[in-house]
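For reference, the structure discussed in these notes is given below.
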Amino acid sequence: MTRYIGRRILAAIPVLLLASLLVFVLVRQFGADPARTRCQQSRDLKCLARTRVQLGLDRPLPVQYVDFMGDFVQGDWGTSERTDQSVAESIGIALGETAQLAFWGVAFSSVVAISVGVYSANKAYSPGDYFFTGLAFAGIAMPTFWFGLICINYLTFHLKELLNTNEVIFFSIPNATGHGAINGFRELALPVLVLSVQLVAGWSRYQRSSMLDELDSDYIRTARSKGLTRRRVVWKHGLRNSLGALVTVIAIDAGALFGGLIVTERVFSRPGMGTLFLNALGNGDSAVLIPWMIVTGVFIIIFNLFADILYGVLDPRVRVA
Amino acid sequence: MSSFDEHRQIRESGAAIAGSVGSTALIDEATSELVIVRSQWRSVARRFFHHRVATLALLIFILLALAALGANFISPYDPNPPLTASVLSSARESPSAQHLFGTDKLGRDQLSRILVALGQSLQVGLGVALLSTIIGVTVGSLAGFYRGWIDALLMRFTDLFLVLPALAVLLIAAKNPEPSFFGLFDLPPATSTEGMILLLAALGWMPMARIVRGEYLSLREREFVEAARAAGAGGPRIILRHLLPNSVGPIVVFATLEVGLAILTEATLSFLGAGVQIPAISLGNLIADAEDTVGTDLAYLILFPGLVLFLIVLCANFIGDGLRDALDPRARK
Amino acid sequence: MKVSSGVSSFFCLVLGLALLGGAWVSTTAGASARGQSTPGTLKIAAEQEPSCMDWIGSCAGSSWGIWAAGIETLPQALTVTPAGDYTPSSVLAGEPILEIGPPQKITYNINAAAVWSDNTPITSTDFEYTWKQITTGKDIYDKTGYEDIASIDTTDPKAAVVTFSEPFSGWRDLFGGFSFILPSHLLEGKNRAKIMKDGYSFSGGPWKLAGGKSGWKKTKSITLVPNQNYWGDKPLIGTVIFQFITESASEIQAVKSGQVSSAYPQPQIGALDQLSENPELKYEVSFGSVFEAFWLNAKAFPMDSLAVRKSLIYATDRQAIVDEIVKPSVNEGRVLQSFIVPTFPQYYEPAFSIYGTSANLSKVNELMTADGWKKGSDEIWAKNGRKAEFDVQTTAGNEARELTEQLWQSQLAQAGFKVTIKNPSADVLFGINGPKGRFSAALYAQVGTPDPSLCGIFCSANIPTKKNGFVGNNWTRLTSAAIDTPWTAVDSELDRTARTVSVKEGQNALAAEAVSIPLYQKPNIFVWNTAQIGGPLQDNPTLGPFFNLNLWYLK
């Protein structure tokens, strides 16, 4: 097992290096010039040349890249080309913000998805099952950004008018509320809801089909024939055994969230990895973009690996080679 | 490689065009192994129309497509009229009998603009599905049948995209103002409809290639392929006569789902400022342009284009679902 | 056991995520006043987070940072009043004394009471240190003017005597504007940029960052507390928190529901109606120093002809643009008639009023025909087989600008010009197309300054070329002695009356050459909750509405 993990991590390194090179070339080729962004409003004509030298943008591209990656692998992540802020610190802060949203999104979505999935499998081809299937299709077809705007429109603005109050029920604005659980709920409820739509839709379908497989299997039939109640069979055996497959899928998707909250964070103007990326991209800030790509890549790899191991542990039929 | 690995990678690369994780659930279901023969097409059609929701979805999809196609004839107003004083004087009118979806900030009829935008979105969806299917099937066929370096290259290439957040990659790639094909000839930039199709297809063909490759890997060991090979048939003949026809099911289903994914992805990119730009109108940039109306009386400018976007993607997905059921009798109970 | 491991690993996963998500616990620890005598906390929405607090470095250069943290914590020699006049700040003992020379000499007499937050007096050495940092620093935002200083005499610690090697008429922005006077006793011999960029503990203004660097919580807020050793009007509020709410609809929500007491949001449709719903809110709409204009590239066909440029202005219904773009959000608005904004009335000359405010198509016909153009069967002007068609660019995704472009396209079509909209992203427009002249017409904003110099964007010396590495901000690329002469004079003329004459002459020349098309000033909304705060609240287009934060009080 240790060798397997080691091999997977080693295999990921060239891929991450290639990804960093790709980002560097694309951003340097087509992105904004950070020196120009800095000197945008300066009357001083020499600002541009000075800043280019200061940032090392006047050196040949390969030298810039090798220097940057050399420092990076030695743990010096440098400073942003636009703001001079420490990149490691910025990414750390952003990861914290994103983790908060991702955590609640994943927790909420898995509870809802499992409940819906179990219900649908248990009552397969009933009107209730068709209803949830329809909802899942709707969730998958839902444009996240639009759903977010609609939620803000109706739940933060119009709900207030409806209830005739000046007090805000869902706030969805980071930083504006005070502290404590209630304010935390007001701030996070809508982003979590929006984030959960697609997760719940996908996961509930997954849980439904793996639960159906379990309920169809021989040992469940045996258990039923032994006289165990249906309820007991479904909850005790069917759910437990089917969860394994879903947990691996959740692990994979959760890893992807660290780079995948761009839309949700943008719609709700939340700080985090997505916002950090969009700002850095707008400024052509490759000093932030490359570490960003590598960090999100590492998260995806770690969570995938985690899913693989879980899958191996949970299902003895699959043995990792 | 375990079947789980395979499954996971298809899932993940499916997210490459979806730009989000949830939408890959449909792809999971599309990849179940399907084998059909030509004479079965009629029963496939019969089974599809038996799926009532899919039939309804197909009907709505066709109606929407016709509306978009005939936008010039059925639009009540010019979507881009000269902005005379009289047009401007009807700016920001709420939905009414005259303007079903209201008018925008410059007095243009929102319904007429949505029809044009819908046409643009459909072009992107169908264009990407078609193009990425062609690329994906070609690469997948070569990799699945010949294995060797093509296969190795395909797998490594897909691995690269597995560890990168797809939306981020698309946002960076869309920045290129003057894209070219490996420096040989110029391509349209992603701000145009054609450019957007090329970009999404260029980064979206990999799941299809993997699906086709997977199909071939299981088919190439089957008796009828062995028989053809023993009879002296060459590679291209085996691919075209035996492997491809027997893989049509998953290809068609996945291509259908890709229509919806591509439309959603383009809209999302537009919203983030990297999609097609005016004068091209897309459902995504209609919504993006109205973002500042959130919470005001003008929020209908967000509502309607989003509803149309949602509806068209939903229809495409239901059609895909119906096709899957129709092409795989065993999946039905 | 296989069965239970499914459930337990699920909780394992949740637990793992919980650890990763643990960061939010720490974020709830609010920055409260640390034993201050003055009571109360004021929350203000800040639309942008400063990019960095090393104000003289090129990493800074954003207005919000200076408005929300710069002017509160560091001294400037001259400040700018809401009306756009320079006035001595509390650091000075009176008006600086200007000797025209040559050589030009300015004596800043420093207020005897002026001290840094550690009680060290503010002296002429601090002026000298600031000058040296700016002129010798590697990564400085703007050295303009400082490089013309020959020496600073510090013999009298309370009088900085600045001698110039060349006359510099924009001297009022020195030790002010986007720069501040820095404490030499704390920074001399040290890495200024490193000490300041993330926030600093010293202060020479009414406020200081609470706890130094920790006063700036990245992505969240800036917290200010009174500087107990400030010699001027001491703040009346114990803690001021600028919270970053980076979206104007959210800002309006926050101020409306009392989550913050004041905001300075970008106007958007319906904003004023929303604010009016809460009777405790008061707002002030002002037209600030930022203005939008169509910039014409005089090197591109057909803008290389003066008659065409004039015709384009006549063909543009600028009143309609103001009516459709500005008025829906703030209910008022007016056409800008110069490249100097009327916010600074002492220099403003409405030179472009010769073109009126609405379209004048007969004037277009007259000018174009006289210039040898004929309308073809497609109603488009043509001359020597070339049609009057060109592209217009703006920053993609900026909705107000895209609407403006579409209006313009429609207006010009009626006048016989074919305009194609071709919008690149902001960084391509400002980083490539603008400097390299790859555009015909472009729509973007400029920031007006109280100092009237416009040579940077209109003098022929500042045209970016391949030879100078595409440096220079005159993207109109028009070479005209009629423009160069007055605007060059403005930069060296030290006599205020003579300078004003040149400024007005220069504005008339810009109109006569039809160099570009000024459209409108962008409106600002300054809103505050009258039930929560009082004081002389007023917007300052240059220094922001928080310029007199020390005079605000809580109700």
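Because the structure is predicted, anything quoted here is derived from the model rather than measured. All chains are named by letter (A, B, ...) in the order of the sequence lines, taking the proteins before the strands, and each is independently numbered beginning at 1.
- Between Leu336(C) and Leu519(C), the closest side-chain pair of non-hydrogen atoms is not below 4.5 Å.
- Nearest approach of Met196(B) to Ala190(B), heavy atoms of both residues: CE-O, 3.5 Å.
- Closest approach of Gly127(B) to Ile197(B), counting heavy atoms only: C-CG2, 3.7 Å.
- Taking chain B as the reference chain and counting heavy-atom pairs below 4.5 Å, the highest number among Ser329(C), Pro328(C), Pro424(C), Ala320(C) is found for Pro328(C).
- No part of Gln411(C) comes within reach of chain B, as not one of its non-hydrogen atoms sits under 4.5 angstrom from that chain.
- No part of Gln266(C) comes within reach of chain B, as not one of its non-hydrogen atoms sits under 4.5 angstrom from that chain.
- Around atom CG of Asn331(C), more than 12 heavy atoms belonging to other residues, nucleotides or ligands sit under 6.0 Å away.
- By number of non-hydrogen pairs under 4.5 angstrom with chain B, the leading residue of Gly270(C), Ala271(C), Ser248(C), Ala396(C) is Ala396(C).
- Ala91(B) touches chain C through its side chain: at least one heavy atom from C-beta onward sits under 4.5 Å away, while N, CA, C and O do not.
- Using a 4.5 Å cut-off between heavy atoms, Glu405(C) contacts chain B through its side chain alone, with no backbone atom that close.
- When each of Thr296(B), Asp292(B), Thr191(B), Leu298(B) is checked for heavy-atom pairs under 4.5 Å with chain C, Asp292(B) comes out on top.
- Heavy atoms closer than 4.5 Å to chain B are found in the side chain of Asp427(C), but not in its backbone.
- Remark: Lys422(C) NZ is loosely packed, at most 12 non-hydrogen atoms of other residues, nucleotides or ligands lying under 6.0 Å away.
- Counted by atom type alone, Ser410(C) and Gln406(C) present zero donor-acceptor pairs between their side chains at under 3.5 Å.
- Contact of Ile278(B) with chain C is made through backbone and side chain together, with heavy-atom distances under 4.5 Å.
- Counting all heavy atoms, side chain and backbone alike, Ala173(B) lies closest to Leu203(B) at CB-CD1, 4.3 Å.
- Put simply, of Asn80(B), Thr84(B), Leu106(B), the one with the most heavy-atom pairs under 4.5 Å next to chain C is Leu106(B).
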